[in-house]
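Below: one structure, written as structure tokens.
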There are 2 protein chains.
Amino acid sequence: MTASFEVPGAVAALATRRPLVRGDVVFRANDPARHVYFLEQGRVVLHRFGPAGEEVVIHVAHGGEFFAEASLHSDRYHCTALAVADGALATIATSDLRERLGDDPGFAMQWLAIVARQLRKSRARVERLSLRSAAERIRHLLVTEGHGPTPAYRPDGTLRELAGELGLTHEALYRTLASMERAGQIERQAGRIVLVR
Amino acid sequence: MTASFEVPGAVAALATRRPLVRGDVVFRANDPARHVYFLEQGRVVLHRFGPAGEEVVIHVAHGGEFFAEASLHSDRYHCTALAVADGALATIATSDLRERLGDDPGFAMQWLAIVARQLRKSRARVERLSLRSAAERIRHLLVTEGHGPTPAYRPDGTLRELAGELGLTHEALYRTLASMERAGQIERQAGRIVLVR
DNA sequence: CGTCGCATTGATATCGCTCAAATCCGGTGG
DNA sequence: CCACCGGATTTGAGCGATATCAATGCGACG
């Protein structure tokens with residue numbers, strides 16, 4: 001059983017929950033943008049198609065993430081959202097959200113904080129993926145996402161999934177972790193990865 | 001002369017402009033977070049340091065971008081901002097911004113739209129950098145950032161800068177563009193890159 | 001007309017991808 | 001309790017794409 005996440009409290013009252021089955025299409029490009037979504041569990045791919053019909057992935061949403069937040073500010077979806085794993089989805093009508101944002105400045109600040117945090121995280125990930133070597137990416141992850149004075153990081157899921165997030169194959173990740181441990185740069189204890197020195 | 005960008009109208013009234021010289025420190029990690037910034041021109045690196053003192057880049061702000069938007073929601077900066085090129089900076093006091101956000105729902109929606117657009121862009125960039133081959137990254141860029149039915153893209157600055165944005169060396173970008181053109185996948189006309197077929 | 005940075009192409013090295021195989025582990029059913 | 005299974009983890013070998021180092025042409029600008 002993989003982890004499930006709850007809709008953040010501020011938004012929960014506006015959300016309708018429903019299960020999600022692999023293969024479900026949440027919305028299609030060009031549909032009227034009437035909902036914002038919070039993925040409680042599962043995986044949703046947002047993609048678009050190029051002129052020759054090739055799929056271009058815009059974003060892969062994981063459990064605990066909002067997606068299609070931009071529905072608030074445009075009237076049509078610019079991509080298609082497809083569930084690629086079973087899960088659960090919370091749906092928030094843009095009309096409700098817009099109304100609440102206009103009425104309740106405190107709520108608006110909370111919503112803004114959510115979006116801003118995701119932006120910060122995404123930007124950090126961009127820089128991480130811009131690094132050329134696997135070891136540098138791992139070090140970057142530990143420094144930016146780790147907790148404590150000597151940064152410790154516990155992967156959300158499997159190491160395979162972590163490899164995907166780092167833009168590496170799982171083999172490359174395993175090998176690099178092993179060699180960093182041999183070199184005394186990191187330590188691993190019960191699934192946690194700790195940056196040393 | 002590189003391009004200069006204007007502070008978006010909604011925010012302009014709150015902003016104070018000043019020149020920026022390479023080497024200027026805009027803020028340091030742990031300083032009280034009292035300002036949000038809009039970079040009109042130049043380049044600013046946001047970074048943090050690991051336990052062994054290695055620099056870890058969180059984000060590189062380019063002209064036309066806001067940075068440190070998260071100052072609104074935390075009381076201290078979590079990284080240091082350093083100008084790495086001359087330019088111009090617009091400074092917005094978080095207190096003013098917070099007040100305006102609370103008073104004026106229309107303004108709040110505009111600010112939210114700005115942040116949401118940056119998030120969408122950043123996420124697309126993450127997926128682009130997750131692609132393994134140079135050609136796939138270029139194709140992704142053209143499809144997601146290009147305009148028109150057969151996506152056409154005009155780089156903001158030089159091809160060297162574009163290479164950096166794509167996580168490639170400039171040599172790799174030149175070579176891949178040349179080979180895609182030879183293969184009839186793209187065309188280049190006066191600095192524009194057009195995806196064909 | 002010299003200098004500087006961008007654009008371009010060549011040669012080589014290297015790191016991570018790909019294919020392959022062995023082991024470990026938790027869960028499941030007999 | 002044990003045999004079995006699927007997925008995660010781990011290590012090996014070889015190859016290929018991109019980084020790296022290098023050189024040249026070109027245009028802008030002083």
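In this text the structure is predicted, and so the values were computed from the model without any measurement.
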Can you find a heavy atom in the side chain of L141(B) that is under 4.5 Å from one in the side chain of R128(B)?
yes

How many whole angstroms separate atom OH of Y174(A) from atom P of dA20(C)?
19 Å

Rounded distance in Å - CZ (R160(A)) to C1' (dC25(C)):
14 Å

Contact list please: residues 185-194 of chain A against DNA chain D, heavy atoms, distance less than 4.0 Å, in numerical order.
R188(A)

Side chains of H59(A) and R120(B): do they bring a donor and an acceptor to under 3.5 Å?
no

Taking the inter-plane angle between the rings of Y174(B) and H170(B) on a 0 to 90° scale, is it parallel (under 30°), tilted (30 to 60°) or perpendicular (over 60°)?
perpendicular

When you check every protein heavy atom under 4.0 Å of nucleotides 15-30 of chain D, what one-letter string (B, S, -) results, 5' to 3'?
---SSBBB--------

Give the rounded distance in Å between these two atoms: CG of L177(B) and P of dC6(C).
17 Å

Should the pair R123(A)-E69(B) be classified as a salt bridge under the 4.0 Å nitrogen-to-oxygen rule?
yes

Any side-chain heavy atom of W111(B) within less than 4.5 Å of one from V36(B)?
yes

Does a salt bridge link E54(A) with R139(B), judged by any charged N lying under 4.0 Å from a carboxylate O?
no

Tell me: CD of E161(B) to C1' of dG5(C), nearest whole Å?
12 Å

Relative to the ring of Y77(A), is the ring of Y37(A) parallel (under 30°), tilted (30 to 60°) or perpendicular (over 60°)?
tilted

May I have the distance from L166(A) (atom CG) to dC15(C) (atom C1'), rounded to whole angstrom?
16 Å

With a 4.5 Å cut-off on side-chain heavy atoms, are V126(A) and S122(B) touching?
yes

Separation of atom CG in L159(B) from atom P in dG5(C), rounded to whole Å:
17 Å

